[in-house]
Amino acid sequence: MEKFVKLTGIAVPLDRPNVDTDAIIPKQFLKSIKRSGFGPNLFDEWRYLDVGEPGKDNSNRPLNPDFVLNQPRYAGASVLLARENFGCGSSREHAPWALEDYGFRAIIAPSFADIFYNNCFKNGMLPIVLDAAIVDQLFRETGNNEGYKLTVDLAAKQVVTPSGQAFPFEVDEFRRHCLLNGLDDIGLTLQHSDKIKAYEERRRQAEPWLFN
Amino acid sequence: MSTQTLYDKLWQSHVVYEEPNGATLLYIDRHLVHEVTSPQAFEGLKIARRQPWRVKSVLAVPDHNVPTDHRDEGIKDPVSRLQVETLDQNCADFGITEFKMNDQRQGIVHVIGPEQGATLPGMTVVCGDSHTSTHGAFGALAHGIGTSEVEHVLATQCLVQKKSKAMLVKVDGQLGAGVSAKDVALSIIGKIGTAGGTGYAIEFAGSAIRGLSMEGRMTLCNMAIEGGARAGMVAVDETTIDYVKGRPYAPQGEQWDKAVAYWRTLVSDEGARFDAVVELKAGDIQPQVTWGTSPEMVVPVGAKVPDPAAEADPVKRTGMEHALKYMGLQANTPISEIAIDKVFIGSCTNSRIEDLRAAAAVAKGRTVAANVKLAMVVPGSGLVKAQAEAEGLDKVFLDAGFEWRDPGCSMCLAMNADRLEPGERCASTSNRNFEGRQGPGGRTHLVSPAMAAAAAVTGHFVDVRTLA
Ligand code: SF4
């Protein structure tokens, strides 16, 4: 899992409450045996004017010009601003996979659905809960200022606006530790990398044929 | 130094790090990969932007979904095709060696590992497949893992494990003519039950086991999982070393001598302590036939279908009644009166050259019975197929009315087009007779290759020893 320490990126405002996981990634894409490559189909029904199907070439599909992600000024966004109860509905982990694959690393909302919130951490993505009034302010500032960037600082547990205004947030300590260090189960094992390498070296001496 | 079991030695030599709570980081020497359980693991690596720790430890092959005929036409089922193509792509992306579908070295993952010398004595071997226990035949520690563990091993070359208890299954004496390793495996499972080995690593030992070829030992270790054990193993001896010698991935020259010297130490020490011991007499073992829907529901071919009424344990009795209903069998029917519809000779249990020879010896000069709709022989690998053809076995089978197919898992689990129709009864050399395993409603009887061929040519189960 990729580390998350501090990130400064374009914020995109998705101004709808109760965005469910079916909207994030529609069910026809769950047949995939993959868990990456969902980015082009993130918010598929909102982003495109036609119906998306697995395997379809997304590059020449008609885009919905009204959908916020399609506006050039938000290209390359890595922070998603959302409204309450983001990520409700089915527990599909494809939802954080799709958001991550698209390029989002942090989501800021007044509230999140529970399972989705958990799934984000497992996939190296940081969901941040801020007061509805603060989220409102961020929505306004993002909309009014092209190129508006937010800094999400997990180490300091705060979101900082371009003008330097800082909003502290809460996050579970263990989850924070794992994200800061990029630790999933594999990450925890990789903390012993030096031991694995030392072991390997011993075996290479004793049983060189294993490393041919 | 205290005495050690083979399992102790294999375990200890792979410990990277031990947590105070006993959880151990175990180093993995060989990682075998197939198309069904690997795609999400590779995706996980890509998402986390990780590389395989030691790419040369990985060997991949598509086997579960590949068609066993008309391969030149590709894979028709889109889901199967996608899985195989995904494996191809992942191997290309990460630089992993893969024997693709049309490579002659392609075959069932548990057949090709040993065949290539990719499985060696003293190794830890894992694969996202429960029958990885097969590789223990080489004095290796081998077991199946799940997809998240596949990703873990790819990324770290290690698994987090806890040590099992050790069980010794000792078979002494001489196996009778017509009695094979498959019959030994089924007899053991009949004795200890499908949960008998749960929590254990089993070492198979005794003079009858030492007398088995590597093919036979693989058959035996393959079915350790059906006895509940994640790992089965056999100590290294001359048979092991002879088999490994000269294989493409085996060490050569100076390294070979050094390796052999080490491999010879891979035996349980005299007086080593096991947590459980089970003993069988080889001379008592008869050709076996399963009658139910669990590998432990097995009897000698000369016996009758058991009667649930005679079972005192009410839970077992209900299980038996249920199994008989599914299998469409009456209690007390002689096994030899059960007619069959199909025959499957193949799977990672019994698709090696020796298995095909044993089946061909029975099929030779005979014909598949009229009531048998399909009798298919599916070699375990392209190389097994070529060897069999060089020996003329394909001709023997074809002349007798068998179909001679391309290598893969095939009707062992019916993920490709090869399957039983509802109600069809099959004499199968595979390892699982679960409900629906070979197709929805299909009825599977597990037998040895010789017994399967005997059933094919008579149309019903028969003691292969009476065919002589
Ligand atoms: S032959 Fe059967 S048991 Fe063996 S790996 Fe293939 S599906 Fe699994």
> Measuring heavy-atom distances to chain A, does B:Val15 have an atom under 4.5 Å in its side chain, in its backbone, in both, or in neither?
Replying inline: backbone
> Under 30°, 30 to 60°, or over 60°: which ring-plane class applies to A:Phe211 and B:Tyr27, parallel, tilted or perpendicular?
Replying inline: tilted
>> Given A:Ile33, which partner from the list B:Glu35, B:Glu43, B:Gln83 fulfils the side-chain contact (heavy atoms from CB on, under 4.5 Å) test?
In response: B:Gln83
> Under a 4.5 Å heavy-atom cut-off, does chain A meet the side chain of B:Arg30, its backbone, both or neither?
Replying inline: neither
> Nearest 0.5 Å, what's the CG-NZ distance between B:Leu25 and A:Lys195?
Replying inline: 8.5 Å
> Would you find more than 12 non-hydrogen atoms of other residues, nucleotides or ligands less than 6.0 Å from A:Glu170 atom CD?
Replying inline: no
>> With a 4.5 angstrom heavy-atom cut-off, is it the side chain or the backbone of A:Lys122 that approaches chain B, or both, or neither?
In response: neither
> Most heavy-atom pairs under 4.5 angstrom with chain A, which of B:Pro39, B:Ala155, B:Gly122?
Replying inline: B:Pro39
> Is A:Glu207 salt-bridged to B:Lys258, cutoff N-O under 4.0 Å?
Replying inline: no
> A:Trp209 and B:Tyr262: side chain to side chain contact (heavy atoms under 4.5 Å, CB included), yes or no, with the steps?
Replying inline: CA-CA 12 Å; A:Trp209 57 87; B:Tyr262 168 59; 4.0 Å; yes
> Which answer fits B:Gln40, side chain, backbone, both or neither, if we ask what part of it has an atom under 4.5 Å from a heavy atom of chain A?
Replying inline: both
>> Counting only non-hydrogen atoms closer than 4.5 Å, does B:Ser57 touch chain A with its backbone (N, CA, C, O), its side chain (CB onward), both, or neither?
In response: neither
> B:Gln89 versus chain A, heavy atoms under 4.5 Å apart: side chain, backbone, both or neither?
Replying inline: neither
> To the nearest 0.5 Å, what is the distance between CD1 (B:Ile47) and CZ (A:Phe38)?
Replying inline: 8.5 Å
> Which atom pair, heavy atoms only, marks the closest approach of B:Thr156 to A:Ile196?
Replying inline: O-CD1, 3.7 Å
> Which heavy atom of B:Gln255 sits nearest a heavy atom of A:Pro208, and at what distance?
Replying inline: NE2-CB, 3.6 Å
> What part of A:Ala206 lies closer than 4.5 angstrom to a heavy atom of chain B: side chain, backbone, both or neither?
Replying inline: backbone
> Taking atom CD of B:Glu254 as the centre, does the number of heavy atoms from other residues, nucleotides or ligands within less than 6.0 Å exceed 12?
Replying inline: no
> Which region of B:Trp53, side chain (C-beta onward) or backbone (N, CA, C, O), has a non-hydrogen atom less than 4.5 Å from a non-hydrogen atom of chain A, or is it both or neither?
Replying inline: side chain
> Have A:Asn212 and B:Gln252 got a donor and an acceptor in their side chains that come within less than 3.5 Å?
Replying inline: no
>> Just verifying a value: how many Å separate B:Glu149 CD and A:Ile186 CD1, rounded to the nearest 0.5 Å?
In response: 10.5 Å
>> Could you measure the distance from the CG atom of B:Asp29 to the CG atom of A:Leu210? Nearest 0.5 Å is fine.
In response: 5.0 Å
> Can you name the closest pair of heavy atoms from B:His152 and A:Asp185 and give their distance?
Replying inline: NE2-O, 3.8 Å
>> Under 4.0 Å between a side-chain nitrogen and a carboxylate oxygen: does that hold for B:Lys46 and A:Asp101?
In response: no
